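Keep in mind that this is a model prediction, so the values were computed, not measured. For ligands, and for the atoms within them, numbers begin at 1 and follow the listed sequence.
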Amino acid sequence: MKIAFKKLSSQSLHFEVNRDNAFFSGELTLKKSNLAQLNGTITGSISTPCDLCAEEVERSLNEEIAFYLSDGIYEGSNEWMDVVEVDHSIIDMNELLRSEIELIKSDYFCCKNCEGTSLDREF
Ligand SMILES: [Zn+2]
């Protein structure tokens, strides 16, 4: 799913996109001529390896996602904001979901079998 930046307005635009078993839905709202706000959630699941035993497990998702999108290079001074710069004025929702999933995958994760093993270890 690709959305042209110029299609955005102050009226929220609903989007839905999925990748494997992960679903990303939410709204895009234009805040300024070249700045839009994205609010959404990622649900469903992703397959990811356990950090301890490396076994692939299905991890369920329930992530609140919120950031800004800038049409071209963002030159604002609000450094506290999470701003993603959009190339060629086209917002690639699949690409946004892919990078969010990469972020989630980079978090520490251990499967149910490994959960608590370091605490329950018997000497
Ligand atoms: Zn494990």
Side-chain angles (χ1 to χ4, degrees):
M1 186 188 194
K2 292 186 180 182
I3 300 170
F5 212 97
K6 63 172 185 242
K7 280 200 168 177
L8 301 178
S9 71
S10 55
Q11 225 167 1
S12 299
L13 180 81
H14 184 75
F15 67 84
E16 273 176 37
V17 64
N18 72 297
R19 180 184 174 84
D20 300 327
N21 295 321
F23 297 93
F24 185 23
S25 68
E27 285 175 344
L28 284 161
T29 315
L30 196 68
K31 292 290 169 186
K32 287 188 213 164
S33 62
N34 62 343
L35 192 71
Q37 188 174 17
L38 182 150
N39 278 304
T41 50
I42 297 178
T43 56
S45 62
I46 51 169
S47 175
T48 190
C50 168
D51 278 352
L52 294 177
C53 68
E55 183 131 353
E56 286 274 338
V57 279
E58 205 67 11
R59 174 180 176 183
S60 67
L61 300 170
N62 192 5
E63 307 279 329
E64 298 271 336
I65 307 290
F67 55 81
Y68 288 86
L69 291 160
S70 160
D71 186 8
I73 293 169
Y74 179 65
E75 286 170 345
S77 56
N78 295 329
E79 283 167 19
W80 51 269
M81 289 196 322
D82 232 350
V83 178
V84 174
E85 290 170 358
V86 174
D87 293 330
H88 312 298
S89 302
I90 301 286
I91 303 164
D92 186 339
M93 298 311 299
N94 298 81
E95 178 58 25
L96 287 177
L97 174 57
R98 193 194 61 76
S99 61
E100 288 301 324
I101 288 174
E102 289 304 313
L103 268 180
I104 294 167
K105 282 188 171 177
S106 68
D107 282 350
Y108 175 78
F109 174 73
C110 78
C111 72
K112 285 212 166 59
N113 292 334
C114 296
E115 244 170 44
T117 37
S118 56
L119 298 171
D120 302 339
R121 193 173 291 154
E122 287 180 46
F123 291 99

Query raised in the report: Is Glu115 salt-bridged to Lys112, going by a charged N under 4.0 Å from an acidic O?
Result: no
Query raised in the report: Is there an N/O/S atom in Cys110 that lies less than 2.8 Å from the Zn ion (ligand 1)?
Result: no
Query raised in the report: What's the shortest heavy-atom distance between Asp51 and Asp107, and which atoms?
Result: OD2-O, 4.0 Å
Query - Distance-only polar pair, side chains of Gln37 and Thr29, donor-acceptor under 3.5 Å - result: no
Query raised in the report: Okay, side chain of Asn21, backbone of Gly44: is any donor-acceptor separation there less than 3.5 Å?
Result: no
Query raised in the report: What angle, in degrees and rounded to 10°, do you get at the Zn ion (ligand 1) when you join it to SG of Cys53 and to SG of Cys111?
Result: 110°
Query raised in the report: Hey, what's the angle at the Zn ion (ligand 1) spanning SG (Cys114) and SG (Cys50), nearest 10 degrees?
Result: 110°
